[in-house]
Amino acid sequence: MNNHKPIYRQIASRFSANTIGLVLALVATALFSLKAIWIKLAYQHDIDPVSLMTLRMAFSLPIYLALAGFWWKQGRFTNKPIAGFALRASIVGIAGYYLASFLDLSGLQYISAPLERVVLYAYPSFTILLAWLVYRQKPQAIFVIALPLSWVGVALMMWHEASATQLNNNVALGTSLVVASALSFAVYLVFSKAIVSKIGSQAFTCIAMIAASLAIFVHYFLQSSSISLSAYPSQVYWYALNMAIFSTVIPSFLFSEAIHRIGAQRTSISGSAGPVFTLLMAVWILDEQVNIFQLIGIALVVAAVALLNRK
């Protein structure tokens, strides 16, 4: 019977759900880590956060709509209580991909890509705390060590960047915005699990991302901006397109499926290579310099995440 299965199902059947979920979370983290690089490149052309966020979702939305329509015709959403969970999925999507994105893009105006990724990668702390408060999932004892360790790493990188740039207030502001983004993304992870289990990861991701896109478009049209979305150099649209496909659409489905397979907590703490990946890309593409404080800060955060990921 196995020979009649598609090849990807035969391969998947050889691995456990936990292993597949872990791989999905790692790939999603790597792709999300590229987002800061695309944003920094686009900011070189004087685009504001809301306009860049709008372009990102303008490229993403047609893909989500096309996938939703295709899967609907295939009958994948049949016998699922989508209507009953659409509002909740929309609210969670707005928190995770509209609010978190806006705060993240705003913070990147003031801090470097490696610092942004390290701060944003502290969201497992918020995920575990929220899971404790909402679902009464008591954290492991190691959390008492891992949580301070991760934030010491963040503080070290923040202190060095503020000292090096002499822009203490801006660095503090940028870091605070990204911390708020991490909290918002943690809300998405924690509250999406129950919805995904009812309607599936594909339906949830489509609803969440369509709702987030509409929220972003409303934000853009409500803000008083004299710059048209068609007034930027061609490089900006290329960066926005790459961010839409490789740092939005693909990882959003991977994350949702990973949450379905291994849960929000393990998904959030599985991609410990995220900050390292961003640092390497920042050095390679943005010509940023690596220093000992960045390496120590990232090492502390990665060590904390590794501790949290222990059974």
Side-chain angles (χ1 to χ4, degrees), residues 28-29 31-36 38-39 42-43 47-65 67-68 85-109 116-117 119-121 123 126-127 130 173-174 176-196 199 201-225 229 236 239-256 259 264 267-268:
T29 297
L31 292 174
F32 269 134
S33 299
L34 278 172
K35 182 181 67 173
W38 303 125
I39 293 169
Y43 278 168
I47 187 171
D48 63 278
V50 176
S51 296
L52 180 57
M53 190 167 58
T54 304
L55 284 175
R56 173 194 181 190
M57 300 315 293
F59 286 123
S60 302
L61 182 59
I63 301 175
Y64 288 113
L65 291 173
L67 288 173
F85 287 89
L87 179 59
R88 273 179 275 184
S90 298
I91 294 172
V92 171
I94 288 171
Y97 285 101
Y98 159 63
L99 185 58
S101 294
F102 174 67
L103 293 168
D104 186 35
L105 267 71
S106 298
L108 268 168
Q109 294 179 108
E116 177 266 355
R117 182 48 45 180
V119 175
L120 193 61
Y121 196 67
Y123 71 83
F126 295 127
T127 304
L130 284 172
L173 173 60
S176 299
L177 289 168
V178 179
V179 167
S181 174
L183 176 59
S184 181
F185 192 66
V187 169
Y188 166 83
L189 284 174
V190 170
F191 288 95
S192 63
K193 170 66 175 176
I195 306 172
V196 170
I199 65 175
S201 62
Q202 295 172 342
F204 168 77
T205 304
C206 288
I207 294 171
M209 297 305 295
I210 291 170
S213 300
L214 295 177
I216 290 168
F217 296 154
V218 170
H219 187 155
Y220 174 78
F221 287 113
L222 288 179
Q223 77 166 5
S224 55
S225 176
L229 287 179
V236 170
Y239 299 144
L241 178 62
N242 279 280
M243 186 163 53
I245 296 174
F246 299 108
S247 297
T248 304
V249 175
I250 296 175
S252 68
F253 285 107
L254 295 180
F255 252 123
S256 295
I259 292 169
T267 297
S268 69

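From a predicted model like this one, the values you see are computed outputs, not experimental measurements.
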Determine, step by step, whether D48 and Q223 satisfy the side chain to side chain contact (heavy atoms under 4.5 Å, CB included) criterion, reporting the C-alpha distance in whole Å, the side-chain angles of both residues, the deciding distance to 0.1 Å, and the verdict. CA-CA 11 Å; D48 63 278; Q223 77 166 5; 3.7 Å; yes

For [X], enumerate each residue passing the side chain to side chain donor-acceptor pair (under 3.5 Å) test, keeping only those at least two apart in sequence or located in another chain.
| X | result |
| --- | --- |
| S60 | none |
| T205 | S256 |
| Y43 | none |
| S106 | none |

Over all heavy atoms of both residues, which pair between L55 and A240 is shortest? Give the atoms and the distance, please.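 That closest heavy-atom pairing would be CB-CB, 3.9 Å.
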
Does any N or O in the side chain of S184 come within less than 3.5 Å of the main-chain N or O of A95, such that one atom is a donor and the other an acceptor?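 A pair under 3.5 Å: yes.
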
Side chain to side chain contact (heavy atoms under 4.5 Å, CB included) between F126 and V179: does it pass, once the steps are laid out? CA-CA 10 Å; F126 295 127; V179 167; 3.9 Å; yes

Test side chain to side chain contact (heavy atoms under 4.5 Å, CB included) applied to L99 and I94, step by step: CA-CA 6 Å; L99 185 58; I94 288 171; 5.6 Å; no

Which pairs count as side-chain hydrogen bond (donor to acceptor under 3.5 Å, both in side chains) when at least one residue sits in residues 85-98, sequence neighbours excluded?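 For residues 85-98: Y98-H219.
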
Taking side-chain contact (heavy atoms from CB on, under 4.5 Å) as the test, write out the residues that go with [X], two or more places apart.
| X | result |
| --- | --- |
| I199 | P81, I82, F85, I195, A203, F204, I207 |
| T54 | V50, I216, F217, Y220, L229 |
| I63 | L67, I245, V249 |

Please collect all salt bridge (Lys or Arg N to Asp or Glu O under 4.0 Å) contacts where either partner lies in residues 92-107, sequence neighbours excluded, each pair once.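 The answer is K35-D104.
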
Residue pairs fulfilling salt bridge (Lys or Arg N to Asp or Glu O under 4.0 Å) with at least one residue in residues 181-192, sequence neighbours excluded: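 Matches after skipping sequence neighbours: none remain.
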
Which of parallel (below 30°), tilted (30 to 60°) and perpendicular (above 60°) describes F185 and F32?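 Rings of F185 and F32: perpendicular, over 60°.
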
Are the aromatic rings of Y188 and F255 close, with centres under 6.0 Å apart?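 They do not qualify: ring centres at least 6.0 Å apart.
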
In Å, rounded to the nearest 0.5 Å, how long is the span from CG of L214 to CG of L61?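 That separation rounds to 6.5 Å.
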
N242 CG to T248 OG1 distance, which is reported to the nearest 0.5 Å: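 It comes to 10.5 Å.
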
Can you list the steps and then say if S101 with M57 is a side chain to side chain contact (heavy atoms under 4.5 Å, CB included)? CA-CA 11 Å; S101 294; M57 300 315 293; over 6 Å; no

